[in-house]
Amino acid sequence: MKNWILLSVLLCANVSYAKDIQISSLINRQAINCEMPNPMIALVNAVHDQHEKGIKVNKKEHTVQLGKNKYLGIQGYQYYKTKHIEQHDFAVNFNYLGSKVIKIALQGFKSEEGESGIYYLVFQGKPVTVTYHLRKAMGNDWNIENTLEETPQGNSKLVCVYAG
């Protein structure tokens, strides 16, 4: 009887439960500073694992199901592929430290040297404005080396390498 109870406890401990994950919870100091590990890597892994099966957005509920987990707060999804690049774009709309995040993208590159990947965040507004808000909120905790690029639409893009 003791062995059966012990076996039951061990099996239950190894079961992973489905979670509802708010997409905004993946953005934190480590993710903004491109430090590893960070919560964005969970999204990278989930997208990688689910990609072959297809990724679908429930636009009415603003969710994406990736494996057992449901990611909340995703308004749209697009996938692009070329000879050397694969990209997953997630349309989002939430505030982080005084700036609105409008897109999260995952990009993979293949070359003769190997594979690498990046994630990037697009903030609404010009880099000078978003930099001001991030610097004001994070102070010295923000790695200023992670400079923001201006997108063709006049928004700000923060790029982080996660594999290489």
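On a predicted model such as this, the values are computed, not experimentally measured, just so you know. Residue numbers count from 1 along this sequence.
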### Task
Dump the intermediate steps for side chain to side chain donor-acceptor pair (under 3.5 Å) on Asn28 and Gln30, then the final yes or no.
CA-CA 6 Å; Asn28 64 8; Gln30 288 84 8; 3.1 Å; yes
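One N or O on the side chain of Asn33 and one on the backbone of Asp141 form a donor-acceptor pair closer than 3.5 Å. Under a 3.5 Å cut-off, the side chain of Glu150 and the backbone N or O of Pro152 do not form any donor-acceptor pair.
Under the 4.5 Å side-chain heavy-atom criterion for grouping Ile, Leu, Val, Met, Phe, Trp and Tyr, Val161 is connected to Val122 within one hydrophobic cluster. Hydrophobic cluster membership differs between Leu72 and Ile23, with clusters built from Ile, Leu, Val, Met, Phe, Trp and Tyr side chains linked at under 4.5 angstrom. Note on Val159: it clusters hydrophobically with Ile85, by side-chain heavy-atom contacts below 4.5 Å among ILVMFWY residues.
A heavy-atom distance below 4.5 Å is not found between the side chains of Leu66 and Asp49. Under the 4.5 Å side-chain criterion, counting only non-hydrogen atoms from C-beta, Asn38 is in contact with Met36. Using a 4.5 Å cut-off on side-chain heavy atoms (C-beta onward), Lys103 and Tyr120 make contact.
The side chain to side chain contact (heavy atoms under 4.5 Å, CB included) check on Asn45 picks up Ile41, with sequence neighbours excluded.
The environment of CG in Asn140 is sparse: at most 12 heavy-atom neighbours from other residues, nucleotides or ligands sit within 6.0 Å.
Between His88 and Tyr79, the ring planes lie tilted relative to each other; the angle falls in the 30° to 60° range.
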